[in-house]
Amino acid sequence: MDKTYNPQNYEDKIYQKWEKSGFFNPDNLNLSKNAPTYTIILPPPNITAKLHLGHSAMLAIEDLMIRYHRMKGYQTLWLPGTDHAAIATQNAVEKKIFKERGITRHDLGKEKLLEEIWKFLKQTQATILRQTRKMGASLDWSREAFTLDEQRKKAVAQMFVDMYEAGIIYKGERIVNWCPRCHSTLADDEIEYKEQKAILYFFKYSKDFPFIIATTRPETKLGDTAVAVNPKDKRYKKYIGKIYKINFCEIPLKLKIIANREVDMNFGTGVLGVTPAHSMADWKMAEENNLEIKKVINEEGKIYKGFNEFSNKTTTQAREIIIKKLKEQNLLEKQEEINNNLSICYRCGASIEPLPSKQWFISVDKKIKKLGNKSLKEKAIEVAEKEEIKFIPERFKKRYLDWMENLRDWCISRQIWFGHEIPVYYRKQEIYVGVKKPESKNWTQDPDTLDTWFSSGMWTFSTLGWPDNFKKNKKSGDLLKFHPTQILETGYEILTLWVSRMIMMSLFALQEIPFENVYLHGMILDKNGKKMSKSKGNGIDPINMIEKFGADAVRLSMLIGSTPGNDSRLSEEKIEGFKKFINKLWNIARYILSNVKCQMLNVKYQNLTLADEWILNKFNNLIKKINDDLKKYNFSQAGEKLRKFTWDDFADWYLEISKFEKNEEKNEILFYILKNLLKLWHPFIPFVTEIIWQEIKTNNLLMIEKWPTVSNKFTNINIDNFEIIKNIISAIRNARSENKIEPSKKIKTIICTEKYVALIEKNKELIKNLKTNINELEIKKSCDVKTQDDRVIRIIIDDIEIYLIDAKDKEKEQARINKKIIELEKLIFNLKRKLLNKEFINKAPANIVENEKEKLKLYQTELKNLKL
RNA sequence: GCGCGUUUAGCUCAGUUGGUUAGAGCGUCUCGUUUACACCGAGAAGGUCGGGGGUUCAAAUCCCUCAGCGCGCACCA
């Protein structure tokens with residue numbers, strides 16, 4: 001073993017060894033059929049780019065849970081895959097070919113573009129899978145899936161057909177969010193908002209119209225068919241119901257004055273021009289009032305034909321002309337700058353145009369027989385409310401429910417080329433919906449593709465063999481064995497986008513939940529708390545970090561110091577710190593393996609020293625705590641406890657003691673703790689632990705070793721005596737450091753209260769040897785000491801007085817004592833007051849009162865001694 | 001506008017149902033080249049737990065309120 005641990009030399013080899021072993025696949029674990037299963041389906045990364053730190057966090061957390069359960073004896077399946085990310089991928093490729101060749105997708109044509117996309121996809125997909133392996137992820141590659149492979153195509157088509165036949169999928173005309181750049185619809189939550197300044201124009205449609213309206217989009221007013229006012233608004237009450245026929249910029253409009261409670265009397269003039277075709281709210285008003293729907297803007301973002309000079313102009317051009325005309329006709333009252341939230345496409349940033357369009361929808365409100373006559377929405381709410389699905393952290397349940405309750409029908413068709421084709425075929429007036437294209441001629445398929453979340457919504461069961469494994473409403477094969485899965489672990493930002501869809505899709509297809517728990521991790525921010533992004537250049541590349549510090553260090557930096565659902569900051573320094581820890585673990589193992597003959601004998605643990613008992617107690621309690629923390633998803637705390645034990649207790653104390661305190665069983669204890677410590681660490685840092693395990697030359701892989709069990713024999717040992725010795729040693733070290741006792745003037749004598757003489761005498765060697773710089777040592781009773789002696793340093797540890805002979809700096813010591821006295825007086829004052837309080841005495845638990853009383857006594861003796 | 005989160009040491013963050021003197025890592029300072037490790041060891045300094053009020057014998061923890069920061073949803077004519 002090298003002096004320092006160099007991850008590059010080992011990681012790839014170890015990963016290959018794991019993969020070859022076949023144990024990533026639960027079928028090879030040789031477990032009984034009754035062994036419980038534990039399944040996580042990996043959230044498939046988009047194949048648009050390489051791995052980022054969010055993925056690393058996801059992989060670290062999931063691999064931790066997976067490896068832990070595998071070692072605990074579960075049939076553990078972690079199923080990998082990638083997502084075709086329809087719009088995102090097509091955009092990425094379109095950008096690429098435009099940059100490289102200056103051509104658009106329309107120049108290229110559908111077939112060629114798809115060819116390009118598949119070429120691109122193969123590359124990025126391979127990169128992502130290679131990078132996932134670099135993280136040490138123990139995924140079952142034999143079950144790998146892609147959201148757009150043959151099996152998933154089959155599942156998606158079947159799902160569409162089933163939903164269509166159940167009347168859940170329908171085609172309808174609605175206002176949709178249209179991205180003129182992507183030429184496609186977007187779902188409500190695919191929209192982002194950007195705050196910006198906008199101009200609010202106040203004007204009259206024409207001279208003969210009675211009042212002024214205000215709008216930020218004058219060009220849409222060409223399609224107004226009504227004007228809405230608040231029914232309570234006294235200014236306009238008398239106009240309600242009237243109809244005006246006017247000319248607005250030479251375009252004839254027929255406007256009905258309607259009342260609507262949602263009109264804000266204080267915004268603008270309190271009058272709202274209703275444009276049913278280009279506003280979601282106005283569409284609703286149109287439905288309620290039977291208004292005519294007049295389309296103004298087409299799918300190119302241009303004005304339709306039939307609007308005179310405006311036709312074929314862009315919205316911006318049209319707006320300019322209208323403003324000019326209004327000014328000429330003296331109809332423009334004023335302009336005001338306001339803050340406005342612009343809707344933009346989450347992919348390309350172009351501003352969204354709401355337009356009416358014929359699209360495919362999934363109804364969330366239609367009652368479904370096989371769901372007990374409940375709708376998808378109702379059922380999806382029910383499973384969360386009844387806690388069939390639990391959220392970690394819990395607060396996300398509320399966010400999920402809020403979103404679900406306000407959910408509208410989900411528009412699933414997209415006007416892009418890359419994606420799942422819609423299994424709908426047309427022939428003149430006929431329509432056919434089926435998994436396979438009808439054999440007779442002249443059928444053409446629906447040109448649209450499906451929203452990428454449609455296929456990823458089916459991810460938990462499409463990967464487990466649905467629909468083949470689901471005949472006559474009965475699960476079989478993998479689907480029977482592994483569904484519902486135990487946990488879905490993902491970033492909270494896709495809670496609504498993805499998690500909710502998965503729940504609805506699974507409920508519809510299988511009438512069961514897709515997962516029992518949803519664990520949501522936070523975002524990884526840079527060290528200034530900013531989101532990492534390519535454009536800002538503040539991103540940390542995980543692969544780069546793995547090369548520099550090793551995968552284990554990267555994993556630890558994701559797991560320790562962050563809590564579920566909260567964002568966390570990451571810096572190179574943090575990762576570097578964990579690399580140091582890994583090196584420490586490496587050296588602990590190196591020391592033990594080179595100094596200790598390691599063989600697991602049947603040790604009886606009979607001649608144990610204080611230190612032996614102490615470390616065995618600590619270790620067995622550690623196992624208990626780790627189990628507890630992992631059960632509660634407190635990964636960070638589990639990691640910190642492990643680190644504390646490994647570094648502070650095991651390395652700094654026990655290993656040091658083992659260098660001189662020899663007894664028969666020491667080797668066995670060292671070896672026992674090392675072996676089991678490696679097991680506890682394995683889910684966190686699989687590489688280094690496995691490499692050390694291989695150095696021990698065991699025949700098995702650590703990956704499939706049994707998780708350590710707690711030995712109750714040691715958990716209840718009293719370790720107070722060792723703690724006392726530890727404190728004495730610390731106090732001596734402290735005195736050395738604080739008072740600068742010169743090495744030449746050696747401490748020879750410890751004088752203490754009678755009660756402890758025997759204990760300290762017995763552990764004299766320990767005290768001498770543990771970096772206290774003491775060669776000779778005699779222990780005396782405290783009644784013998786001359787406290788007036790200048791050379792005496794008095795240390796009080798709990799109720800033990802210790803006098804160290806030979807102090808150099810008297811003043812410093814006095815200052816220290818004075819400070820301590822003040823502290824003690826304060827504590828005693830507070831304690832006395834507390835103990836005089838009758839309510840405390842009567843109401844607080846007896847042990848706590850007792851505790852306080854003892855404490856008071858202790859402080860008082862300590863104070864007395866100090867004041868001497 | 002509604003909702004959620006957050007505010008703890010110089011920095012980054014823990015703190016599990018209220019209960020010893022509020023913890024860790026990094027940073028700072030002091031000392032130390034003892035053959036596992038200088039990617040090390042031994043110590044120290046540093047906090048009125050965002051402000052105010054309340055409940056309780058007891059509050060970082062529960063309630064109210066105010067403020068800063070972040071996020072989600074809605075509005076956006």
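Labels below follow one simple rule: chain letters A, B, ... track the order of the sequence lines, proteins then strands, and each chain is numbered from 1. All heavy atoms count here, side chains included; hydrogens, waters and symmetry mates do not.
Atom CG in Leu836(A) sits roughly 17 Å away from atom P in C57(B) (whole-Å rounding). Met280(A) has its CE atom 10 Å from the P atom of A74(B), to the nearest Å. One interatomic measurement links the two molecules: CG of Leu831(A) to C1' of C57(B), which rounds to 14 Å at whole-angstrom precision. Put simply, CZ on Phe840(A) is 11 Å from P on U20(B), counting in whole angstrom units. Rounded to an integer number of Å, the gap from Leu401(A) CG to G72(B) P is 19 Å. At whole-Å resolution of the value, OH in Tyr400(A) and P in C71(B) are 25 Å apart. One interatomic measurement links the two molecules: OH of Tyr654(A) to P of G41(B), which rounds to 19 Å at whole-angstrom precision. When the P atom of G3(B) is taken as reference, atom CD of Glu394(A) falls 20 Å away, rounded to whole Å.
No hydrogens or angles considered: a donor-acceptor pair under 3.5 Å links the side chains of Thr563(A) and Asn566(A).
For G5(B) and A44(B), the C1' atoms lie 37 Å apart once the distance is rounded to whole Å. One C1' atom belongs to U56(B), the other to C64(B), and the distance between them is 16 Å to the nearest Å. For the C1' atoms, the distance linking C76(B) with C4(B) amounts to 22 Å, nearest Å. Using C1' as the reference atom, C11(B) and G51(B) are 23 Å apart when rounded to the nearest Å. G54(B) sits 23 Å from A22(B) when the P atoms are compared, rounded to a whole Å. Atom P of A67(B) sits at a distance of 39 Å from the matching atom of U28(B), rounded to the whole Å. The gap from the P atom of C75(B) to that of C63(B) amounts to 31 Å, rounded to the nearest Å. Nucleotides G52(B) and A60(B) have their P atoms positioned 13 Å apart, rounded to a whole Å.
A parallel orientation is assigned to the rings of Tyr5(A) and Tyr10(A), their planes being inclined by less than 30° (bins at 30° and 60°).
Residue order along RNA chain B, read from the 5' end via each residue's closest nucleotide, puts Arg395(A) first among Tyr201(A) and Arg395(A).
For the pair Asp233(A) (side chain) and Arg235(A) (backbone), a donor-acceptor distance under 3.5 Å is present. Counting only distance, with no hydrogens or angles, the side chain of Thr269(A) and the backbone of Ile212(A) share a donor-acceptor pair below 3.5 Å. Remark: the backbone N or O of Val296(A) is paired with a side-chain donor or acceptor of His278(A) at under 3.5 angstrom.
Salt bridge Lys857(A)/Glu854(A): absent, no basic N to carboxylate O contact under 4.0 Å. For Arg217(A) and Glu353(A), the salt-bridge test passes: some basic side-chain N is under 4.0 Å from an acidic carboxylate O. Between Lys397(A) and Glu394(A) there is no salt bridge, since no side-chain nitrogen of the basic residue lies less than 4.0 Å from a carboxylate oxygen of the acidic one. A salt bridge links Lys334(A) with Glu336(A): the closest approach of a Lys/Arg side-chain nitrogen to an acidic carboxylate oxygen falls below 4.0 angstrom. With respect to Lys548(A) and Glu572(A), a salt bridge is recorded, a charged nitrogen being found less than 4.0 Å from a carboxylate O.
Residue contacts shown for Ser730(A) are limited to sugar-phosphate atoms, with no base heavy atom under 4.0 Å away. Counting any heavy atom pair closer than 4.0 Å across all strands shown, Asn634(A) reaches a base atom. Within 4.0 Å of Val263(A), counting heavy atoms only, lies at least one base atom of the nucleic acid. Using a 4.0 Å heavy-atom cutoff across all strands shown, Thr4(A) reaches at least one base atom of the nucleic acid. Backbone-only contact: Thr216(A) has heavy atoms under 4.0 Å from sugar-phosphate atoms and none from a base. As judged by a 4.0 angstrom heavy-atom cut-off over every strand, Thr563(A) is placed among residues touching the sugar-phosphate backbone only.
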Candidate pair Tyr591(A) and Trp586(A), rule ring-ring contact (aromatic ring centres under 6.0 Å, His included), full reasoning: CA-CA 9 Å; Tyr591(A) 173 74; Trp586(A) 175 260; over 10 Å; no

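Among the nucleotides U16(B), G3(B), G19(B), the one closest to the side chain of Lys398(A) is G3(B). Comparing G5(B), C71(B), A42(B) by their nearest atom to the side chain of Arg733(A) picks out A42(B).
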Pairs under 3.5 angstrom, nitrogen or oxygen only, protein versus nucleotides 8-12 of chain B, please.
from   : atom 1 : to        : atom 2 : distance (Å)
U12(B) : OP1    : Arg569(A) : NH1    : 3.1

All N/O pairs under 3.5 Å across the protein-nucleotides 34-36 of chain B interface:
from   : atom 1 : to        : atom 2 : distance (Å)
A36(B) : O3'    : Arg590(A) : NH2    : 3.3
A36(B) : O2'    : Asn587(A) : OD1    : 2.5
A36(B) : O2'    : Arg590(A) : NE     : 3.4
A36(B) : O2'    : Arg590(A) : NH2    : 2.6
A36(B) : N7     : Lys659(A) : NZ     : 3.2
A36(B) : N6     : Glu656(A) : OE2    : 2.9
A36(B) : N3     : Asn587(A) : O      : 3.1

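Put simply, the side chain of Asn9(A) reaches to within 4.5 Å of the side chain of Asp2(A), judged on heavy atoms.
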Per-nucleotide protein contact string for nucleotides 22-27 of chain B (B base, S sugar-phosphate only, - none; heavy atom under 4.0 Å): --SS--

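Phosphate proximity of G15(B) to Gln637(A): present, with a side-chain N or O under 4.0 Å from OP1 or OP2. Contact check, Lys855(A) against U21(B): a side-chain N or O comes under 4.0 Å of OP1 or OP2.
Taking Lys834(A) as the reference, Phe840(A), Glu852(A) meet the side chain to side chain contact (heavy atoms under 4.5 Å, CB included) condition, with sequence neighbours excluded.
To the nearest 0.5 Å, atom CD1 of residue Ile323(A) and atom CG of residue Leu332(A) are 5.5 Å apart.
In RNA chain B, stems built from 3 or more consecutive Watson-Crick or G-U wobble pairs, each with both distances under 3.5 Å, span B:1-7 with B:67-73, B:10-13 with B:23-26, B:28-32 with B:40-44, B:50-54 with B:62-66.
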Acceptor/donor pairs from residues 631-645 of chain A side chains to any protein atom, 3.5 angstrom cut, sequence neighbours excluded:
from      : atom 1 : to        : atom 2 : distance (Å)
Lys632(A) : NZ     : Asp628(A) : OD2    : 3.4
Ser636(A) : OG     : Gly561(A) : N      : 2.8
Lys641(A) : NZ     : Asp629(A) : OD2    : 2.7

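A distance of 6.0 Å or more separates the ring centres of Tyr519(A) and Phe391(A).
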